[in-house]
Amino acid sequence: MFDLLGRPLRNLRLSVTDRCNLRCEYCMPEDDYVWLPREDVLHFEETSALVDVFLALGVDKIRLTGGEPLLRRDLPALVRMIAGKPGLKDLALTTNGVLLADQIDALRAAGLGRITVSLDTLRRDRFLKLTRFDQLDAVHSGIAAARRVFGHLKIDTVAIRGVNDDELIPLIEYGRSVNGEVRFIEYMDVGGASRWSPERVFSRSAILDALSRHYGAIVALDEPGSSAPAERFALADGTTFGIIASTTEPFCRTCDRSRLTADGMWYLCLYATRGVDLRAPLRRGADVEELKGIIAAGWRGRADRGAEDRVALGDQRAFVPVQDLLRKDPHLEMHTRGG
Ligand code: SAM
């Protein structure tokens with residue numbers, strides 16, 4: 001099934017909670033938030049029923065996210081319900097890693113396929129400043145556990161000028177030591193990133209300059225047909241890393257991702273301000289065909305190119321006008337719809 005720009009429906013990011021146990025300054029900088037009402041959060045059976053419909057329409061990759069997905073009680077039970085479904089080729093999890101060491105064996109046993117851990121700094125003081133919690137050791141334990149159980153992992157790092165742009169090389173070296181491929185993400189002006197400014201974006205080209213000054217020639221890996229957000233590169237010794245240049249070089253043209261929030265709102269773009277309510281039809285007893293019709297109509301009408309539209313706005317703050325709205329509608333927050 002294709003949208004108006006010929007992009008297939010393939011990747012579903014499933015946010016299982018809007019709660020988080022960190023307060024990263026680029027994602028959840030405020031002191032308090034409006035949370036999704038608990039009674040609106042889908043039960044696992046409901047999420048699983050929606051996943052069946054998405055799989056029937058062509059989704060074959062699912063990533064569990066949040067908020068912090070490991071805060072959702074008994075997440076392995078959801079993994080178990082989803083992992084074996086026909087048509088699913090890839091089931092991944094994005095986590096801040098704080099609770100990972102305790103849950104990893106159960107997640108693996110339930111059928112989770114792979115793990116990405118978000119980590120922006122290796123310095124304890126900086127981690128505390130950036131996230132407001134002194135949990136760097138727990139993240140290291142989570143990463144060690146991921147390596148033990150899966151053999152390898154991905155490490156996602158938001159590169160912010162003046163915050164951690166001096167740690168790209170230590171992070172690459174750390175990644176190497178734990179068999180983790182680091183992916184540097186450009187700081188995005190998305191809902192919730194109320195401290196974003198263009199000067200704070202450490203761009204793809206700045207990242208490549210900094211790394212090539214230290215490591216010498218960097219080779220771009222040719223991955224034709226890839227819809228992955230990260231462009232991958234290799235250092236001379238074969239170490240690979242990625243860059244997700246959502247801010248300076250968006251990849252809307254190949255974006256096959258959509259997002260389901262914990263309360264069953266479906267967003268066709270990370271920047272979309274309106275979503276499709278799937279909880280209401282599900283709870284009033286819509287059958288599979290009706291749900292398929294709603295999702296198919298949504299995808300076939302999709303023309304979103306949110307990150308490209310954001311570039312076209314230049315240095316203006318796109319999300320400033322919605323800061324008040326964020327308070328009223330938690331769905332606009334990155335931590336609700338999943339990064
Ligand atoms: N709590 C989990 C985690 O930390 O990975 C999953 C949710 S988090 C919202 C998903 C990803 O979005 C994280 O890697 C986070 O760094 C990234 N993210 C959040 N706000 C961002 C922003 N303004 N720009 C770029 N990436 C951002």
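Counting starts at 1 for both ligands and their atoms, in listed order.
- Polar contact check, S118 against ligand 1: a nitrogen or oxygen pair lies under 3.5 Å apart.
- The side-chain heavy atoms of N96 and L70, taken from C-beta on, include no pair separated by under 4.5 Å.
- With a 4.0 Å heavy-atom cut-off, ligand 1 is reached by no atom of H335.
- Near V190, the atoms of ligand 1 lying under 4.0 angstrom from a non-hydrogen atom of the residue are 23 (N).
- With W266 as the aromatic partner, R302 does not meet the cation-pi criteria of under 6.0 angstrom to the ring centre and within 45 degrees of the ring axis.
- Note on ligand 1: E68 sits in its first shell, one or more heavy atoms being nearer than 4.0 Å.
- Ligand-side atoms of ligand 1 in range of A193: 23 (N), range being under 4.0 angstrom from any heavy atom.
- Every atom of ligand 1 with a heavy atom of V158 under 4.0 Å away is listed here by number and element: 16 (O), 25 (C), 26 (N), 27 (C).
- Short contacts between ligand 1 and Y187, defined as distances under 4.0 Å to a heavy atom of the residue, involve ligand atoms 23 (N), 24 (N).
- Those atoms of ligand 1 that come under 4.0 Å of a heavy atom in C27, given as number and element, are 19 (C), 20 (N).
- Counting heavy atoms from C-beta on, the side chains of L64 and L78 come closer than 4.5 Å.
- Atom 11 (C) of ligand 1 has as its closest protein heavy atom G339 CA, 4.2 Å.
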Using the side chain to side chain contact (heavy atoms under 4.5 Å, CB included) rule, take R132 and M28 through it: C-alpha gap first, then chi angles, then the decisive distance, then the call. CA-CA 10 Å; R132 287 202 233 155; M28 298 185 77; over 6 Å; no

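- Against a heavy-atom cut-off of under 4.0 Å, T65 is close to the following atoms of ligand 1: 6 (C), 7 (C).
- An N or O contact shorter than 3.5 Å is missing between T94 and ligand 1 by distance.
- Between I185 and ligand 1, no N or O atom pair is found at a separation short of 3.5 Å.
- The shortest distance between side-chain heavy atoms of L100 and I115 falls below 4.5 Å.
- Neither W35 nor Y267 shares a network with the other; the hydrophobic side chains, linked directly or stepwise wherever heavy atoms of I, L, V, M, F, W or Y lie under 4.5 Å apart, form separate groups for each.
- With respect to the salt-bridge test (charged N to carboxylate O, under 4.0 angstrom), the residues E181 and R176 do not qualify.
- Between W299 and F2, the distance from one ring center to the other does not fall under 6.0 angstrom.
- The distance between the ring centers of H140 and Y174 falls below 6.0 angstrom.
- Remark: R123 engages D166 in a salt bridge, criterion side-chain N to carboxylate O under 4.0 Å.
- Of the protein's non-hydrogen atoms, the one nearest atom 27 (C) of ligand 1 is M334 CE, 3.6 Å.
- Backbone and side-chain nitrogen or oxygen atoms of Y26 are examined, and one is located within less than 3.5 angstrom of a nitrogen or oxygen of ligand 1.
- Contact annotation: G67 has at least one heavy atom less than 4.0 Å from an atom of ligand 1.
- Side-chain N or O atoms of S212 include one that pairs as donor or acceptor with a backbone N or O of L208 at under 3.5 Å.
- Close approach of ligand 1 to N96 is summarised as follows: ligand atoms under 4.0 Å from at least one heavy atom of the residue are 2 (C), 3 (C), 4 (O), 5 (O).
- Taking atom 24 (N) of ligand 1 as the reference point, the nearest protein heavy-atom neighbour is M188 N, 2.9 Å.
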